[in-house]
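Scope of the values below: all heavy atoms of this structure, side chains included, with no hydrogens, waters or symmetry mates.
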2 protein chains.
Amino acid sequence: MKHTRRSESVASQRGEGETTTTPAEPADRERARAIPEAAVARLAVYLRVLSGMADQGVTAVSSEELSQAAGVNAAKLRKDLSYIGSYGTRGVGYDVEVLVSHIERILGLTRNHSVAVVGIGNLGHALANYGGFPGRGFPVTALFDVDDDLVGIPVGGIPVNHIDEITAICVEREVSIGVIATPPPAAQSVCDRLVSAGVQCILNFAPVVLQVPDNVEVRKVDLAVEMQILSFHVARRADEAASVSVGNNGLGVDGMVIRP
Amino acid sequence: MKHTRRSESVASQRGEGETTTTPAEPADRERARAIPEAAVARLAVYLRVLSGMADQGVTAVSSEELSQAAGVNAAKLRKDLSYIGSYGTRGVGYDVEVLVSHIERILGLTRNHSVAVVGIGNLGHALANYGGFPGRGFPVTALFDVDDDLVGIPVGGIPVNHIDEITAICVEREVSIGVIATPPPAAQSVCDRLVSAGVQCILNFAPVVLQVPDNVEVRKVDLAVEMQILSFHVARRADEAASVSVGNNGLGVDGMVIRP
DNA sequence: CCGACTTTGTGCATGCGTTCACAAGCGGTA
DNA sequence: TACCGCTTGTGAACGCATGCACAAAGTCGG
């Protein structure tokens, strides 16, 4: 199901062993480090659902309600929330706003994360026009492309820069997240440039496996892979239907008639 | 990576569709059912890497080489491949073409999967223009939108239809995969219509948790969630850097000097 | 103030996925 | 032919994530 796991042995590289004698809220840091990757992804989903509820004036919610809206098991939801602390009230549920603010804090959404999009083709346009990305907190502050005809033209309110300026501009605008929406052959080179510009988080839309140093976090969104996973399920369904129809009752999966 | 090791003997095993479309092999079905979801996702990646190698004239590859190119552990790769059968040669490695054809077969890429895209906004345009999706086998055969101004206009070679025609057209064109690229509020309704049109696989780009019957497979691509996961890692890094610099040694994370 | 009811938080068991390590098997070589 | 080195395939151990089930802890009505 889920994507790149690049945090393979990051923990052991750092000084994992010593107890952090930090003054300011050491609990948060240890907690943040301990949250499973899968749970982080779900927390983001809970956050969106909760935000929607808050907009509709809902102030309190139980784990049961929230879990249904988020499409997960109630117990799993409670465990996920427990990773960030105990902010519920037994017998009552959770305060929506309290939960929102705590999830935002854990996900690091209290600060803004400046985003740069590289490759202003169809997809790049779409991304730039999203306008600060769904759910504020991710302002797109820089766009890059190799095509000179595009340079200077504003897309989604931001002028496109030539890719050669990537290092200077990323440093200047403190870009913390780079989005790669280039054709496959350019992706690795663009990635290298982003990394050397100090960008440590990359979202990659190019169907290429990027090679990066350990300290850089890559997440990939791969349409071809998604389609092929779906294709696999189509095929599996077809096979199952075929198996079933050996002892045929005229009905395939979920009651649809199989035509001869 | 070694280039062009000719091994014609093995290549001849593959009769381009004849031998691969084996007459009712029940082992395949049980195997396909047993393949872990995570492994399926990786198989799609291996497939792409292998296709690239084949295009460059590489005919044989070892698990070590392939695993590096795909960015995974070598043992994991071998286990993944073992799910689909034993098609390697000990002491030598794998024949690229043989592997390609077997992975394609398991992923169900031997047949074409007709795709419908719903919601022809920025993202919908980008998707339609991908043109049959990277790596053939997924022809986009239908586009839908609510906007009457868009209806009839061809995008990526296919005219846009009004969403009310979704059921008829999906059935007629045997759409097996539906892609939802609508604004969030419309997503669930579109999803319901796709399902009632018999579409059993859905790729959802809308930031909404879709409710579907058990027999429908949904995969979601959620930009906001991806960004927030990256944000989490940024925050975690910042915290770690802060922790380390308490007992300061002049070095921050991964050896970069922290300026005073 | 008490008891009944509701919902959280979590220890524990279970299952899945990853990793290790090595025997089995194959090609090349003398 | 017999041996040697290389690579696959996989049994087994490990670790992580999920789901269950229940005690703890709170609210509400009387």
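When atom types are taken as modelled, the side chain of A:E97 and the backbone of A:A54 share no donor-acceptor pair closer than 3.5 angstrom. With A:H233 contributing its side chain and B:Q200 its backbone, the two residues share no donor-acceptor pair below 3.5 Å. Panel note: side chain B:R48, backbone A:V209; no donor-acceptor pair is recorded below 3.5 Å. A:H113 places a side-chain N or O within donor-acceptor distance of the main-chain N or O of A:G108, the cut-off being under 3.5 Å. Distance alone, capped at 3.5 Å, is enough to place a donor-acceptor pair between the A:S231 side chain and the B:L107 backbone.
As rounded to whole Å, 9 Å separates atom C1' of C:dC20 from atom CG of B:N73. In this entry the distance linking CG of A:L81 with P of D:dT18 reads 13 Å, nearest Å. Whole-Å rounding puts the A:K76 NZ to C:dT8 P distance at 17 Å. B:Y87 places its OH atom 19 Å from the C1' atom of D:dT7, with the value rounded to the nearest Å. Between A:D80 atom CG and D:dG19 atom P there is a gap of 10 Å when expressed in whole angstrom units. At whole-Å resolution of the value, CG in B:L77 and P in D:dT8 are 9 Å apart. Rounded to a whole Å, the CD atom of B:E37 is 16 Å from the C1' atom of D:dT18. One interatomic measurement links the two molecules: CD of B:E65 to P of D:dC6, which rounds to 14 Å at whole-angstrom precision.
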Just the table, please: protein N/O against nucleotides 23-28 of chain D N/O, every pair under 3.5 Å.
residue : atom : partner : partner atom : Å
D:dA24  : N3   : A:R90   : NH1          : 2.7

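If A:R42 and A:R78 are placed on DNA chain D by their nearest nucleotide, the residue sitting closer to the 5' end is A:R42.
For A:K79 against C:dG9, no side-chain N or O and base N or O form a donor-acceptor pair under 3.5 Å.
OP1 or OP2 of D:dT18 has not a single side-chain nitrogen or oxygen of A:Y83 nearer than 4.0 Å.
Checked against A:Y46 for a side chain to side chain contact (heavy atoms under 4.5 Å, CB included), the options A:L99, A:V61, A:V100, A:D80 give a single hit: A:D80. Of the candidates B:V208, B:L203, B:L194, B:L194 is the only one forming a side chain to side chain contact (heavy atoms under 4.5 Å, CB included) with B:I180.
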